[in-house]
Amino acid sequence: MTTSLLHTPLYEWHVAHGARLVDFAGWAMPVQYGSVVEEHRATRRHAGLFDVSHMGRLRFEGPGAAALLDGVVTRRVADQRPGQVRYALLANEGGGVLDDVLVYHLVNGAGGSYYVMVVNAANREKVVRWLEPHVLRRRDVQMLDVSEAWAMLAVQGPRACELVQPLLPELELARLRYYRASETLLDLGGQRAAGVVSRTGYTGEDGCELMLGPSAAVRAWDLLVAAGAVPAGLGARDTLRLEAGMPLYGHELSEEWDPFQAGLDFAVDLEGREFVGRAALVARRGDMSLPRRVGLVLTGRRAARQGDTVCEGGLRVGEVTSGSFSPTLERPIAMAYVESRVAAEGTALEVDVRGRREPAVVARLPFYRREEPGRTM
Amino acid sequence: MRPEELLFTRTHEWVCFERAADGSQIATMGITAFALEALTDLTYLELAAPGTQVTAGQPCGEIESVKAVSDLYSPVTGEVIEANLAARDKLELLNQDPYGSGWLLKIRTQEGAARVELLDYAAYQRQCAEEPH
């Protein structure tokens with residue numbers, strides 16, 4: 001591990017607790033503390049605690065913030081009410097995906113409205129560079145990269161909200177609906193700190209995410225661990241999101257593919273608004289000559305991995321973008337881009353796994369859906 | 001078997017040799033506790049079938065975990081005479097007893113047949129200490 005990597009405020013905790021650290025987008029991040037499968041199962045059955053401070057956090061202030069954002073993301077955000085969070089995409093002029101993001105509309109203590117865009121760590125610099133000219137063209141909005149000033153924790157699982165609630169004296173989490181967020185005061189064992197809590201996540205479980213200052217993040221982490229939340233690394237985060245059918249930039253999302261190919265139509269509003277990439281997306285929508293994202297369940301034991309070739313009757317029809325053994329399904333699952341003619345659920349395909357064809361069936365996404373109602377992305 | 005009595009490859013297999021009645025040697029191999037700890041969460045093990053001719057330094061199976069897949073490399077050139085199907089079907093055996101009931105293959109080899117470079121336990125431990133874990 002070179003010293004040039006960025007450290008989250010929890011870096012010392014990770015090291016002290018035996019985490020296996022990897023370079024993730026320039027950050028030294030824990031991939032696992034012990035067993036990926038145990039961290040995965042703890043999240044599905046109880047509550048997993050994730051340091052996601054490496055995610056990029058961009059803050060937009062000024063009267064033009066909503067108009068700026070509405071002109072750069074694929075989903076309408078101009079009508080987003082304070083307290084709402086929306087999943088959206090940034091597209092290039094050709095309709096390819098630059099990043100997938102969450103847009104938060106928040107209100108500060110003085111009643112002032114502002115926005116936060118959470119972007120992928122690997123895309124942060126690219127997105128900031130790409131947004132800068134859009135920001136500079138206006139005089140009524142300011143963009144601040146607060147990624148390194150704030151930390152971010154995700155608490156995910158059926159018991160997540162119950163464990164976080166004691167830290168939130170002024171907010172009843174049960175009343176904060178899915179994809180809602182609020183600034184709130186945190187009570188960290190007598191110490192008070194400001195933060196933002198949102199009912200969001202990347203695991204397919206109920207739960208929340210906290211944005212807060214570095215020392216508050218360390219205190220909150222300690223309190224949540226003491227309360228029984230199970231620290232979980234990026235390894236479990238990856239298998240959890242894969243089971244939940246959630247795309248990961250650099251795997252299922254890239255500038256090569258558009259949001260429709262990725263099956264993210266819900267995150268694109270083409271009507272009655274202008275945004276970067278709109279013309280290309282209008283043209284690409286419904287183009288069935290383009291490959292589609294699908295889920296695959298493999299019938300053998302060997303897991304398909306990113307880059308493996310997908311075949312039908314010996315002919316190449318696509319490529320695997322993510323694959324792993326699924327701890328919940330206890331069999332290998334994958335996501336892939338395949339020709340649309342073989343993208344229908346139930347289609348029998350094969351994946352070339354290290355030189356040997358393994359049978360696979362196109363499966364409905366997500367592979368895993370938690371039982372509680374009311375979940376939308 | 002105590003690890004101090006075994007020999008080790010640079011690719012984290014262990015091996016021990018016994019002389020058979022016909023004068024050939026039987027190499028029993030497995031993978032080391034160090035490699036198993038690095039892999040964690042084993043999901044799949046594939047072993048060359050008895051009768052397969054294997055070559056020193058070439059794959060003789062594969063071992064897969066949630067995060068990654070690795071080849072197993074044969075320490076010797078020879079013929080597989082037995083594969084540990086109990087370990088294949090119960091992967092916990094590898095972690096529970098990597099140098100005993102978690103053995104993987106028995107390979108019949110001849111005096112003078114090719115072998116990869118083999119380290120004693122102390123040298124292998126030095127190699128592990130230098131590797132990022």
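Convention: sequence-line order gives letters A, B, ...; per-chain numbering from 1. Nothing here was measured: the structure is a model prediction, and the numbers come from that model.
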Quiz item: In terms of side-chain heavy atoms, does A:Thr200 have a donor or acceptor partner in A:Glu209 at a distance below 3.5 Å?
Solution: yes

Practice problem: Under the ring pair (Phe, Tyr, Trp, His ring centres under 6.0 Å) rule, collect the residues that match up with B:Tyr124, sequence neighbours excluded. | Solution: B:Phe8, B:His12

Self-check item: Contacts of type salt bridge (charged side-chain N to carboxylate O under 4.0 Å, His left out), residue B:Lys106, not counting sequence neighbours
Solution: none

Quiz item: So which part of B:Thr43 gets closer than 4.5 Å to some heavy atom of chain A, the side chain, the backbone, both or neither?
Solution: both

Quiz item: For A:Arg305, is it the side chain, the backbone, both or neither that has a heavy atom under 4.5 Å from a heavy atom of chain B?
Solution: side chain

Quiz prompt | Positions in residues 31-50 of chain A that reach chain B, provided some heavy atom is under 4.5 Å away | solution = A:Gln32, A:Gly34, A:Ser35, A:Val36, A:Val37

Self-check item: Side-chain H-bond candidate by donor/acceptor type, A:Thr8 with A:Asp51, under 3.5 Å
Solution: yes

Quiz item: So, the side chain of A:Arg301 versus the backbone of B:Leu45: is there a donor-acceptor pair under 3.5 Å, distance only?
Solution: no

Quiz prompt | By salt bridge (charged side-chain N to carboxylate O under 4.0 Å, His left out) - contacts of A:Arg316 (at least two apart) | solution = A:Glu319

Quiz prompt | Straight-line distance of B:Leu39 CG to B:Ile31 CD1, nearest 0.5 Å | solution = 5.5 Å

